[in-house]
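A short worksheet on the structure shown next.
Note that the structure is a prediction, hence the values are computed from the model and not measured.
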Protein chains: 2
Amino acid sequence: MFSGIRKIISVKSTSRKKPGASPKLSEKKERLKLFLKEKGFKSTKQRDIIASEFLAVGEHVTAEELYNRICKKHSNIGFTTVYRTLKLLAESGLATERVFADNLTRYEPLAAEEHHDHLICLKCGSITEFEDQRMERLQEKIATEFGFSVETHKMELYGRCRKCGGGNI
Amino acid sequence: MFSGIRKIISVKSTSRKKPGASPKLSEKKERLKLFLKEKGFKSTKQRDIIASEFLAVGEHVTAEELYNRICKKHSNIGFTTVYRTLKLLAESGLATERVFADNLTRYEPLAAEEHHDHLICLKCGSITEFEDQRMERLQEKIATEFGFSVETHKMELYGRCRKCGGGNI
DNA sequence: AGGAAATTGAAATTCATTTTCATTTGGAAA
DNA sequence: TTTCCAAATGAAAATGAATTTCAATTTCCT
């Protein structure tokens, strides 16, 4: 299923939130520090570097992708630490873990408060985010019809983006 | 994410199709034979047994689960063959591969023509299928708004089923 | 500064999945 | 039916992402 994707190579964000709606980088790093302190964890150079790089990159990265970026500049940072820090960021609510059809775990900044879904191009691998209230409402509605209460959901549309012939197949 | 699920233990189907709408077991096995012949593959005892057991079980099984059932009666059938036969069934359109939040690959009979989505209970692990035209239409609509054409999609609602307190949380 | 506790990172482990390869089997052609 | 070759089988090995281990290092509280 979805075997068309070899690798998700590039990533785009097309969210519709107002500019300035998301916290600044410094604010996010502050939040991480608070979380660490609160949990009795320690602030370290590595965590700072990794968090900064992660927040700078911004889009759906795997632990490995992020590690590759980081280890060029900081040969003293190991894969394991990148991996663990991403988990930590996810726990603290600064990142969200996602698994798409290629079965790799990706991390995406923030998102705790801004749930959204994804359009994934099977040709070029680009990921476009979207949020749609109609969708949220319909999900609730359907769930209710089954006596089900929704805590979270996963919704991915796989197909062709505009560039790859989305309009006219 | 979704780490609440330890294991998906049981599986229910609540699809809304009319009774008799889906092909009978013999019909399905016929379809497999045709597919095999068409592709120049061979019919074997193992494939027959595995396909029968799979179609009999009916619901979202992993290769391992199916293997465990089969090897009790047929000690001469190996895991690899079960694994490969499930892949084959998926190719032939008699099964669909699905990966839920626990990251195991499950197979489900038929489904090539009947696309549906899933409600997954985070407490008891039950899987309920549903199909909803409103959902399909909305997906198309949203995709179109992004210049995207949908080939396939994945949509899972995670929460509580009726038994596990779905109505009143 | 001292020291307990947490962190780091290289290496090892886990675990589902997939591949390898020697052997067996199915089934088309003789 | 017998022959023969490609396909299938299954045990074992390989793969690869995710996770854990553990000794050495670092943080940060007192």
Side-chain angles (χ1 to χ4, degrees), chain A residues 1-3 5-8 32-51 60-68 70-71 73-92 95 97-107, chain B residues 1-3 5-8 32-51 60-68 70-71 73-92 95 97-107:
Chain A
M1 197 190 221
F2 305 136
S3 52
I5 300 190
R6 287 286 164 267
K7 197 183 174 190
I8 293 182
L32 176 61
K33 272 208 177 108
L34 277 173
F35 171 80
L36 291 175
K37 185 166 255 176
E38 191 178 288
K39 292 279 184 176
F41 296 148
K42 291 170 182 172
S43 297
T44 65
K45 301 183 212 78
Q46 289 93 332
R47 281 177 177 167
D48 197 62
I49 290 168
I50 294 167
H60 309 90
V61 280
T62 63
E64 198 177 2
E65 280 163 9
L66 191 60
Y67 168 71
N68 286 333
I70 289 173
C71 71
K73 297 178 190 173
H74 308 273
S75 61
N76 56 321
I77 293 182
F79 169 80
T80 313
T81 304
V82 174
Y83 163 79
R84 280 190 283 223
T85 302
L86 284 172
K87 287 248 149 200
L88 205 63
L89 288 166
E91 274 181 60
S92 76
E97 249 184 50
R98 293 194 187 278
V99 180
F100 296 115
D102 64 359
N103 240 42
L104 296 180
T105 303
R106 273 161 227 278
Y107 293 84
Chain B
M1 196 192 226
F2 306 136
S3 51
I5 300 190
R6 288 284 164 270
K7 195 184 174 191
I8 293 181
L32 176 61
K33 273 211 177 104
L34 276 174
F35 171 79
L36 291 175
K37 184 166 255 176
E38 192 178 287
K39 293 278 184 175
F41 297 147
K42 291 170 182 174
S43 299
T44 65
K45 301 182 211 79
Q46 289 94 331
R47 282 176 177 169
D48 196 61
I49 291 167
I50 295 167
H60 310 89
V61 281
T62 63
E64 199 176 2
E65 281 162 9
L66 191 61
Y67 168 71
N68 286 334
I70 290 174
C71 70
K73 297 178 189 172
H74 308 273
S75 60
N76 57 319
I77 292 183
F79 169 79
T80 313
T81 304
V82 174
Y83 163 79
R84 281 190 283 222
T85 302
L86 283 172
K87 288 249 151 199
L88 203 64
L89 287 165
E91 274 180 61
S92 76
E97 249 184 49
R98 294 193 188 279
V99 180
F100 297 115
D102 64 358
N103 240 42
L104 297 180
T105 304
R106 273 160 227 280
Y107 294 84

Heavy-atom nearest nucleotide on DNA chain D for A:Phe41 versus B:Phe79: which residue maps closer to 5'? B:Phe79
Spacing between [X] atom [atom1] and [N] atom [atom2], to the nearest angstrom:
X	N	atom1	atom2	answer
B:Ile49	C:dG26	CD1	P	11 Å
B:Asp102	D:dT19	CG	P	13 Å
A:Lys42	C:dA6	NZ	P	7 Å
B:Lys39	C:dG27	NZ	P	18 Å
A:His74	C:dT8	NE2	C1'	16 Å

C:dT17, OP1 or OP2 - any side-chain N/O from B:Lys87 closer than 4.0 Å? no
Does A:Arg47 place a side-chain N or O at less than 4.0 Å from the phosphate oxygens OP1/OP2 of C:dT8? yes
Over all heavy atoms of both residues, which pair between A:Tyr107 and A:Lys87 is shortest? Give the atoms and the distance, please. OH-CE, 3.6 Å
What nucleic acid atoms does [X] come within less than 4.0 Å of, heavy atoms only: base, sugar-phosphate, or nothing?
X	result
A:Thr105	sugar-phosphate
B:Arg84	base
B:Thr44	sugar-phosphate

With a 4.5 Å cut-off on side-chain heavy atoms, are B:Gln46 and B:His74 touching? no
Close N or O pairs between protein and nucleotides 28-30 of chain C (under 3.5 Å):
none

